[in-house]
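A short worksheet on the structure shown next.
Start at 1 and go down the list; that is how both ligands and their atoms are numbered. The model shown is predicted, which means the values in this text are computed figures rather than measured ones. Note: hydrogens, waters and symmetry copies are ignored here, and every other heavy atom, side chains too, is used.
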Amino acid sequence: MLTPVIDEDGAPFWEFTARGELRIQACAACGELRFPPRPCCPHCRSFDSEWRLMSGRGRIWSYVLPHPPLLPEYAAQAPYNAVLVELADAPRIRLAGNVVAAPDAPLNSVDPARLRIGAPVRVAFTEIDGVTVPRWLLERA
Ligand SMILES: [Zn+2]
């Protein structure tokens with residue numbers, strides 16, 4: 001599996017996921033949330049930031065069902081999904097991820113026919129190669 005490349009700006013995000021928290025960087029001056037993490041606020045140019053705890057709820061904003069050619073380990077799991085989740089607490093922020101049946105379930109554990117744009121999801125976390133990644137569970141099973 002491919003795991004995230006963690007840079008200095010994004011490191012806090014992954015430290016919080018390791019604690020089971022989904023936090024999004026916010027400007028400490030004007031309060032605007034921003035993602036992906038970066039040093040400077042695009043709204044007011046402040047370099048002061050904080051990490052705001054999210055509820056972990058969201059909706060599927062878009063999704064794809066990747067088809068071959070795929071990397072071998074992914075080809076073995078197709079068909080699976082890749083989703084963009086719009087956060088309930090921050091509707092302009094969308095996180096890429098996968099909808100799965102349980103936090104540790106395989107990528108192909110949800111029937112693609114169950115996916116809908118707008119479907120409510122909630123975050124779950126699983127550790128992959130030492131990195132705790134957010135994944136998404138459908139709210140209505
Ligand atoms: Zn700002």
Side-chain angles (χ1 to χ4, degrees), residues 1-75 77-141:
M1 295 290 293
L2 298 175
T3 51
V5 175
I6 298 174
D7 64 12
E8 185 182 338
D9 294 324
F13 179 87
W14 302 108
E15 289 162 14
F16 289 121
T17 61
R19 287 155 42 175
E21 294 180 357
L22 183 65
R23 288 183 182 259
I24 296 294
Q25 189 184 35
C27 176
C30 76
E32 286 282 340
L33 293 158
R34 62 181 187 260
F35 191 89
R38 48 193 179 271
C40 179
C41 175
H43 303 281
C44 76
R45 301 188 192 92
S46 170
F47 281 84
D48 297 326
S49 68
E50 59 194 20
W51 289 81
R52 205 168 295 163
L53 183 63
M54 300 286 113
S55 68
R57 291 179 299 108
R59 289 183 180 275
I60 296 176
W61 187 78
S62 187
Y63 69 96
V64 294
L65 307 174
H67 290 277
L70 297 166
L71 293 171
E73 196 172 337
Y74 288 91
Q77 299 185 71
Y80 61 92
N81 65 78
V83 298
L84 284 178
V85 171
E86 178 183 65
L87 297 180
D89 309 301
R92 289 181 296 107
I93 290 180
R94 298 170 195 128
L95 302 185
N98 307 100
V99 173
V100 288
D104 299 322
L107 280 186
N108 59 5
S109 57
V110 169
D111 182 348
R114 295 182 56 210
L115 300 178
R116 296 282 184 276
I117 302 291
V121 292
R122 63 185 162 85
V123 75
F125 298 94
T126 194
E127 187 183 322
I128 299 174
D129 294 337
V131 180
T132 303
V133 298
R135 309 175 99 191
W136 301 95
L137 309 176
L138 290 169
E139 284 278 25
R140 295 185 203 97

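Counting backbone and side-chain atoms alike, His43 contributes no N/O/S atom closer than 2.8 Å to the Zn ion (ligand 1).
The pair Arg52-Glu21 does not count as a salt bridge, with every side-chain nitrogen at least 4.0 angstrom from each carboxylate oxygen.
Rounding to 10 degrees gives 110° for the angle at the Zn ion (ligand 1) between SG of Cys27 and SG of Cys41. Of the angles at the Zn ion (ligand 1), the one spanning SG of Cys44 and SG of Cys30 is 120° when given to 10°.
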task = Take Ile93 and Glu86, measure what side-chain contact (heavy atoms from CB on, under 4.5 Å) needs, and give me the verdict at the end.
result = CA-CA 6 Å; Ile93 290 180; Glu86 178 183 65; over 6 Å; no

message = What verdict does the side-chain contact (heavy atoms from CB on, under 4.5 Å) test give for Ser46 and Cys30, after you've listed the backbone C-alpha separation in whole Å, the side-chain angles of each residue and the deciding distance to 0.1 Å?
response = CA-CA 8 Å; Ser46 170; Cys30 76; over 6 Å; no

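No cation-pi contact links Arg23 to Trp51, judged by a cut-off of 6.0 Å to the six-membered ring centre and 45° from its axis.
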